[in-house]
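Working notes, beginning with the structure itself.
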Amino acid sequence: MNTSDSNLPSNFIRYIIDDDMKSQKFQGRVHTRFPPEPNGFLHIGHAKSICLNFGIAREYQGKCNLRFDDTNPAKEDEKYVQSIKEDVEWLGFDWGEAPFFASGYFTALYDCARQLISKGKAYVDDLSPDQIREYRGTLKEPGKESPFRNRSVEENLDLFQRMKTGEFEEGAKVLRAKIDMGSGNLNMRDPVLYRILKAHHHRTGDEWCIYPMYDFAHCLSDSIEGVTHSICTLEFEDHRPLYDWILNTLEVYHPQQIEFARLNLTYTVLSKRKLLQLVEDGHVDGWDDPRMPTLSGMRRRGFTSNSIRDFCERIGVAKSNSIIDLALLEHCLREELNKTALRVMAVLRPIKVILTNYPEGQTEELESENNPEDPDAGSRKLTFSRELYIERDDFMEEPPKKFFRLAPGKEVRLKHAYIIKCEEVIKDEQDNIVELRCTYDPDTKSGQVEKSRKVKATLHWVSASHAIDAEVRLYGNLFTSPNPGDEKECPELKDALNPDSLEILKDCKVEPGLADANGDQPFQFLRLGYFCLDPVALAQGKRIFNRTVTLKDEWAKLQKKAKG
RNA sequence: UGGGGCGUCGACAAGCGGUAAGUCACAUGAUUUUGGUUCAUGCAUGCGGAGGUUCGAAUCCUCCCGCCCCAGCCA
């Protein structure tokens, strides 16, 4: 892992760093940071940033800090700190001895603010929030200066000190930078640097009642930590002049801010606000609902951190707004799971099959490979018997042309077992198919020399008396719209919800070995998809399988096409 | 003329003046005891548009068009 030569696709950020290395701008150092606000759960979009920041540090043998941007006690909480640390760790990154906190710099930041005041570059403003907005002007018209803008340094120092001691109410005063109310960049129109917030902070408790704003805290935190490249998303591009202004005015070490486009994914939303809405409105079961694009949700769903890292590498890093096809994420997932998942047989919607020519009471043990992609995965014994279950979808009474599976008079192979032929369809009074009577061909046992006829399909099955019961949950996209995050396409998020994003199947039959499964092993339910044991249910002693992702399905594609 | 960005295949994305990488998706065929995997083949005479510079332009210049972000005491 000591590479700077990697065969990863390059990107504009790497070029900037390469140039900086050449020019010795930062004495050959590379130091990045991942700066989440602990006010929510991390999602796949954060993973892009994590992989970028930690990945670059690793590649250039530099460092990457995990820094919590905890400057707004009203919204932040220790529990988020915990989950963020878990997620970063799970993704496979190491932030060194300890994480950093912007709140750890509150004293230093306060001193910086005083210096700014002393330089005549900041002032205490008594304007109300509404007045500040009014005075700011609009996009096209310049703002006007606050009547408090020209207070003396002494008065400002005194007032700021009294803000700190709690003398004033929330909203009564703020500290503002004195820049340019006529700037075309709204961020430069005397931005607020400090506000009064009489809130309990999860780390500093009640020590402070003034808190720095993002723009003030972030650049200085970067500076204090010796960050070289401060990588953030595009919406902060407008803030860069302010980032630079603060650092220049204070004449302190000056990292370089670089902006890239945040991740968007088809059929999902990645804004904290919208994700929160899904949770609060009860459309999902919580932040770790397996349908959520949160790292905790994806982990529970069965995503591997490998596949997420692979995905983040493949999508690249650029400055154009884009939306990545979910299919790419799924591809990365399948690619890994194909190599690692143990193949097992599970029948989700069972229909009984009786082998009329198989002796009652007889069973036999069939050798079954665990993973054709991995010989080291070995094999297991499966019990075959007279009464089996197969998948309801694998039988059709009146099969269309390209249906290769079981139908009256048709033959299929049972995986690892024999070729069977459907002789009779048994129905109840309501005309529902309840059972299939089939015969098996003893000469076609799996593994025998290839003398038997070819058959067009191979089905998965379980032995009726040996299989165990299981609940299986199938997940689909949360949204039917490819771009639910787009306010124009989807003004009402809930209108884009997919009513079929969760299907719970309670009467599934799975092979008996699955009784011993633990939560760490991914499975491929043969011909169906990749599954994992739901860790939340498992902790409660229940066995529920989550479908991580389907297998690619040529037949499903054909059917879809046929329907139009 | 408010400021800041961005426009290369259906989706991403390399390319940085020498004649359009790669990935996903899609299509076709082969192999297959998973309609999985794997393999092979195809998929931009074209780089938002129009001019210009040049022997040569996606790359440089000019103008135009389109899209995104900004008016929190959020980050």
Side-chain angles (χ1 to χ4, degrees), chain A residues 9-11 15 35-37 39 69 71-72 74-76 125 127-129 132-134 136-143 170-176 182-189 191-197 210-211 213-215 217-218 232-241 259 261 266 272 313-332 334-335 338-339 343 345 369 372-373 402-405 412-417 419 444 446-447 450 452 454-460 482 524-529 550-558:
Chain A
S10 200
N11 61 55
Y15 288 134
E37 183 188 12
N39 71 340
D69 222 334
T71 56
N72 185 358
K75 292 188 176 173
E76 295 150 7
D125 195 353
L127 253 30
S128 71
I132 287 184
R133 192 183 320 119
E134 262 179 61
R136 188 156 30 227
T138 68
L139 292 178
K140 292 193 175 171
E141 297 153 24
E170 279 191 21
K173 286 180 167 44
V174 289
L175 182 73
R176 290 231 254 170
S183 171
N185 181 347
L186 270 8
N187 295 121
M188 299 299 270
R189 319 239 266 226
V192 172
L193 266 20
Y194 265 91
R195 77 286 212 188
I196 298 168
L197 243 36
I210 54 171
Y211 290 91
M213 297 288 289
Y214 164 85
D215 286 304
H218 204 93
C232 60
T233 45
L234 251 26
E235 66 270 26
F236 292 102
E237 219 151 12
D238 287 344
H239 294 241
R240 193 174 61 229
E259 311 83 12
T266 56
K272 259 183 201 171
E313 265 165 30
R314 293 202 204 201
I315 57 178
V317 180
K319 296 194 70 159
S320 52
N321 284 313
S322 58
I323 179 159
I324 309 277
D325 198 332
L326 222 208
L328 179 58
L329 214 210
E330 293 185 339
H331 170 81
C332 296
R334 290 190 186 106
E335 189 171 73
N338 177 49
K339 291 183 205 132
R343 270 59 169 175
M345 294 204 277
E369 65 185 344
E373 304 294 320
K402 286 182 177 165
F403 186 84
F404 303 148
R405 283 110 97 144
V412 295
R413 174 173 284 283
L414 295 181
K415 181 76 179 176
H416 300 131
I419 289 176
T444 58
S446 186
E450 203 50 67
S452 55
K454 290 278 178 192
V455 107
K456 279 221 143 175
T458 300
L459 308 187
H460 60 278
Q524 185 193 104
F525 287 3
L526 223 60
R527 302 206 305 132
L528 296 173
T550 61
L551 250 26
K552 290 221 282 185
D553 190 343
E554 199 68 28
W555 170 240
K557 209 188 274 181
L558 278 176

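A note on names: the letters A, B, ... follow the listed sequences, proteins ahead of strands, and every chain is numbered from 1.
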Starting from [atom2] on [N], measure out to [atom1] on [X] and report it in whole angstrom.
X	N	atom1	atom2	answer
A/Ile324	B/rC12	CD1	C1'	5 Å
A/Lys339	B/rU34	NZ	C1'	18 Å
A/Glu313	B/rA13	CD	P	15 Å
A/Asn321	B/rG5	CG	C1'	9 Å
A/Ile419	B/rU34	CD1	P	12 Å
A/Asp553	B/rA25	CG	P	14 Å
A/Ile315	B/rC24	CD1	P	15 Å
A/Arg334	B/rU23	CZ	P	18 Å

Does [N] have OP1 or OP2 under 4.0 Å away from a side-chain N or O of [X]?
X	N	value
A/Ser320	B/rC67	no
A/Arg527	B/rG35	yes
A/Lys140	B/rU1	no
A/Lys319	B/rG7	no
A/His460	B/rU34	no

Per the atom types in the model, does the base of [N] pair as donor or acceptor with the side chain of [X] at under 3.5 Å?
X	N	value
A/Arg343	B/rU34	yes
A/Thr458	B/rU34	no
A/Glu373	B/rU38	no

Practice item. Check the angle between the aromatic planes of A/His239 and A/Phe236 and answer parallel, tilted or perpendicular using the 30° and 60° thresholds. Key: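 Ring orientation of A/His239 relative to A/Phe236: perpendicular.
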Point to revise | Nucleotide of B/rC68, B/rU34, B/rA11 approaching A/Pro372 most closely (side-chain heavy atoms) | key: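 Within the option list, the nearest is B/rU34.
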Review point. Counting side-chain heavy atoms from C-beta on, which of B/rU37, B/rU34, B/rG35 comes nearest to A/Lys402?
Key: B/rG35
[X] near the nucleic acid: base, sugar-phosphate alone, or nothing, with a heavy-atom cut-off under 4.0 Å?
X	value
A/Phe525	nothing
A/Leu558	base
A/Val455	nothing
A/Arg405	base
A/Leu526	base
A/Leu551	base

Check your understanding: In Å and rounded to the nearest 0.5 Å, what is the NZ to NE2 distance from A/Lys415 to A/His460?
Key ->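 One gets 12.0 Å once the value is rounded to the nearest 0.5 Å.
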**Study point:** CG-CG distance between A/Leu528 and A/Asp553, expressed to the nearest 0.5 angstrom
**Key:**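 The distance works out to 9.0 Å.
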Point to revise | Comparing A/Ser183 and A/His416 on RNA chain B - which has the more 5′ nearest nucleotide | key: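 The 5'-side residue here is A/Ser183.
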Review point. Pick the nucleotide of RNA chain B nearest each of A/Arg189 and A/Ala457; which residue has the one closer to the 5' end?
Key: A/Arg189
Between [M] and [N] - [atom1] atom distance, rounded Å:
N	M	atom1	result
B/rA58	B/rC26	C1'	25 Å
B/rG35	B/rC24	P	22 Å
B/rA57	B/rA40	P	35 Å
B/rA11	B/rG51	C1'	32 Å
B/rU34	B/rG42	C1'	27 Å
B/rC43	B/rC67	P	33 Å
B/rU8	B/rG4	C1'	23 Å
B/rG48	B/rG66	P	16 Å

Study note, to complete from the structure: Its dot-bracket string being built from Watson-Crick and G-U pairs below 3.5 Å, with | for another strand and [ ] for crossing, RNA chain B has the pattern .(((((((.[[[..)..(...]]].(((((.......))))).....[[[[[..)....]]]]])))))).....
Review point. Does the pair A/Glu259/A/Lys319 count as a salt bridge with the N-to-O cut at 4.0 Å?
Key: yes
Provide the closest heavy-atom pair for [X] versus [Y] in the form atom of the first, atom of the second, distance.
X	Y	value
A/Ser320	A/Ala261	O-CB, 3.3 Å
A/Arg176	A/Leu193	C-CD2, 3.9 Å
A/Lys402	A/Leu558	CD-CD1, 4.1 Å
A/Ile419	A/Thr444	N-OG1, 2.9 Å
A/Leu234	A/Asn321	CD2-OD1, 4.0 Å
A/Ala217	A/Thr71	CB-CG2, 3.6 Å

Review point. Between A/Asn185 and A/Asp238, is there a donor-acceptor pair closer than 3.5 Å when you use the side chain of the first and the backbone of the second?
Key: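 Yes, the answer is positive, given that a donor and an acceptor are paired below the 3.5 Å cut-off.
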Check your understanding: So, A/Thr233 side chain and A/Glu235 main chain: donor-acceptor pair closer than 3.5 Å or not?
Key -> no
Review point. Which label fits B/rG36, syn or anti, where anti is any glycosidic angle not within 90° of 0?
Key: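 Chi for B/rG36 falls in the anti range.
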Nucleotides 70-75 of chain B: which of its N/O atoms have a protein N/O under 3.5 Å away?
| from | atom 1 | to | atom 2 | distance (Å) |
| --- | --- | --- | --- | --- |
| B/rA71 | O3' | A/Arg136 | NH2 | 3.4 |
| B/rA71 | O2' | A/Arg136 | NE | 3.1 |
| B/rG72 | OP2 | A/Arg133 | NE | 3.3 |
| B/rG72 | OP2 | A/Arg136 | NH2 | 3.2 |
| B/rC73 | OP1 | A/Arg136 | NH2 | 3.4 |
| B/rC73 | OP2 | A/Arg136 | NH1 | 3.1 |
| B/rC73 | N3 | A/Gly171 | O | 3.4 |
| B/rC73 | N4 | A/Leu127 | O | 3.0 |
| B/rC73 | N4 | A/Pro129 | N | 3.2 |
| B/rC73 | N4 | A/Gly171 | O | 2.7 |
| B/rC74 | OP2 | A/Arg195 | NE | 3.0 |
| B/rC74 | OP2 | A/Arg195 | NH2 | 2.9 |
| B/rC74 | O3' | A/Arg195 | NH2 | 3.2 |
| B/rC74 | O2' | A/Asn72 | ND2 | 3.0 |
| B/rA75 | OP1 | A/Thr71 | OG1 | 2.7 |
| B/rA75 | OP1 | A/Arg195 | NH1 | 3.3 |
| B/rA75 | OP1 | A/Arg195 | NH2 | 2.9 |
| B/rA75 | OP2 | A/Tyr214 | N | 2.9 |
| B/rA75 | O3' | A/Asp69 | OD2 | 3.3 |
| B/rA75 | N6 | A/His239 | NE2 | 3.3 |

Review point. Among all residues two or more places apart in sequence or in another chain, which pass the side chain to side chain donor-acceptor pair (under 3.5 Å) test with A/Glu37?
Key: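 Only A/Asn39 meet the side chain to side chain donor-acceptor pair (under 3.5 Å) criterion with A/Glu37.
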